[in-house]
Amino acid sequence: MTLQYKRLNAEVDEIPYGLLELADPSKSMVEDYIRRGQCYLAFLEKERVGQFVLLHTHPKTIEIVNISVEESFQGRGFGKELVLKAIETAKQLGARSIEIGTGNSSIQQLRLYQKCGFRIASIDHDFFVRHYEEEIIEDGIACRDMIRLRLDIF
Ligand code: COA
């Protein structure tokens with residue numbers, strides 16, 4: 001069940017908006033960071049399973065700005081595999097600090113990231129209220145605050 005990875009070339013390859021939008025409903029934000037960052041697509045044999053996008057935000061700091069698994073492949077361990085691969089790739093790119101953010105209502109993601117070594121670093125209160133027009137509700141919880149997590153490499 002080994003995943004194969006291929007880096008997306010945003011100039012020539014088709015951008016998998018549907019997959020990216022599973023993690024971020026804002027197409028304009030996706031369009032912005034897909035061109036500035038590096039998107040890695042994961043395949044199981046010929047089928048696309050998921051992706052992650054890395055973005056250099058500060059010297060030696062890389063943020064995982066988007067990560068998602070195709071709905072038909074979710075809940076089978078691929079998300080965890082992608083997070084671990086994103087960490088390895090960021091390290092190879094020279095990161096000493098890796099960041100990831102998620103909504104206060106994204107309980108499964110908060111659990112997954114902490115199990116992969118991330119620790120909560122800060123909370124951007126009302127981030128989603130300021131940046132998204134539609135109200136987001138997950139598991140009956142209003143998504144308002146951005147929880148920023150960080151993994152420092154020693
Ligand atoms: N409910 C509760 N827990 C679940 C679950 C579910 N429906 N599906 C998976 N999990 C648990 C798993 O048991 C596992 O925990 P464990 O290590 O304790 O066993 C953990 O979550 C990771 O499971 P995994 O199968 O690797 O996750 P995944 O392949 O479903 O990928 C996401 C996780 C978040 C990437 C995927 O669900 C996704 O693409 N979601 C939509 C996009 C998104 O929210 N991206 C992140 C934005 S911050």
Side-chain angles (χ1 to χ4, degrees), residues 3 5 7-8 10 15-42 48-154:
L3 294 179
Y5 292 90
R7 188 172 159 195
L8 180 98
I15 294 171
Y17 284 113
L19 181 57
L20 287 151
E21 284 170 11
L22 288 178
D24 187 345
S26 167
K27 193 169 181 188
S28 61
M29 292 204 1
V30 167
E31 276 175 338
D32 174 58
Y33 57 64
I34 200 79
R35 300 200 186 279
R36 294 193 294 125
Q38 305 184 1
C39 177
Y40 295 85
L41 302 170
R48 194 179 63 210
V49 166
Q51 62 74 38
F52 59 86
V53 183
L54 301 181
L55 187 68
H56 267 282
T57 50
H58 303 286
K60 298 195 185 300
T61 301
I62 287 180
E63 182 174 346
I64 303 170
V65 285
N66 191 309
I67 185 160
S68 59
V69 171
E70 298 280 5
E71 271 163 336
S72 58
F73 283 101
Q74 288 179 10
R76 291 161 54 178
F78 294 119
K80 188 170 186 182
E81 209 171 313
L82 282 182
V83 173
L84 296 176
K85 178 72 178 180
I87 293 169
E88 277 316 305
T89 310
K91 279 187 197 171
Q92 283 165 10
L93 291 169
R96 307 296 296 164
S97 194
I98 305 168
E99 297 181 338
I100 192 163
T102 195
N104 60 283
S105 51
S106 298
I107 305 300
Q108 186 208 338
Q109 289 82 340
L110 284 166
R111 180 181 140 170
L112 170 61
Y113 303 152
Q114 289 180 85
K115 286 183 88 168
C116 290
F118 286 89
R119 295 186 60 186
I120 292 176
S122 63
I123 300 173
D124 190 344
H125 289 279
D126 284 328
F127 174 92
F128 292 95
V129 179
R130 287 197 307 276
H131 291 96
Y132 292 83
E133 282 176 14
E134 303 279 316
E135 189 184 24
I136 305 167
I137 306 279
E138 274 181 298
D139 286 332
I141 306 170
C143 180
R144 302 173 62 96
D145 308 320
M146 171 73 89
I147 313 288
R148 296 195 187 279
L149 299 99
R150 191 169 67 228
L151 173 62
D152 289 321
I153 318 292
F154 295 104

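Note that the structure is predicted; figures quoted are calculated from it, not measured.
Rounded to the nearest 0.5 Å, atoms CD1 (I67) and CG (L54) are 8.5 Å apart. The structure places CD1 of I107 at 9.0 Å from OG1 of T102, a figure rounded to the nearest 0.5 Å. A distance of 11.5 Å separates NZ of K60 from OG of S97, quoted to the nearest 0.5 Å. The distance from atom OG1 of T89 to atom CD1 of I64, rounded to the nearest 0.5 Å, is 9.0 Å. Annotation: the span from S106 atom OG to R111 atom CZ amounts to 14.0 Å, rounded to 0.5 Å. Of the inter-residue distances, the one linking E134 atom CD with S26 atom OG reads 12.0 Å to the nearest 0.5 angstrom.
Between D152 and R119 there is no salt bridge, since none of the side-chain N atoms of the basic residue sits less than 4.0 Å from a carboxylate O of the acidic one.
The closest side-chain heavy-atom distance from D145 to D126 is below 4.5 Å. Within the 4.5 Å cutoff, no side-chain heavy atoms of K85 are placed close to those of L3. The side-chain heavy atoms of E63 and R148, taken from C-beta on, include a pair separated by under 4.5 Å. H125 places none of its side-chain heavy atoms less than 4.5 Å from the side chain of R144. Within the 4.5 Å cutoff, the side chain of R48 has heavy atoms near those of the P16 side chain. Looking at F127 and V129, their side chains never come closer than 4.5 Å, going by heavy atoms from C-beta outward.
For residues 91-110, the salt bridge (Lys or Arg N to Asp or Glu O under 4.0 Å) pairs, not counting sequence neighbours, are E88-K91.
The side chain to side chain contact (heavy atoms under 4.5 Å, CB included) test with V53 singles out one residue from L8, V30, L20, and that residue is L20. The side chain to side chain contact (heavy atoms under 4.5 Å, CB included) test with V83 is passed by exactly one of F118, F52, F78: F118. Here the options are I100, L151, I120, I147, the test is side chain to side chain contact (heavy atoms under 4.5 Å, CB included), and the partner is Y113; only I100 passes.
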For this session: Carefully, step by step, assess Y5 and Y40 under the rule ring-ring contact (aromatic ring centres under 6.0 Å, His included).
Result: CA-CA 6 Å; Y5 292 90; Y40 295 85; 7.7 Å; no
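For N104 against A142, the heavy-atom pair with the smallest separation is ND2-O, 3.0 Å.
For Y33, the side-chain hydrogen bond (donor to acceptor under 3.5 Å, both in side chains) partners at least two apart in sequence or on another chain are D24, N66.
Judged by distance alone, with hydrogens and angles left aside, the side-chain atoms of R35 form a donor-acceptor pair with the main-chain N or O of A10 at under 3.5 Å. Remark: the backbone N or O of V69 is paired with a side-chain donor or acceptor of Q74 at under 3.5 angstrom.
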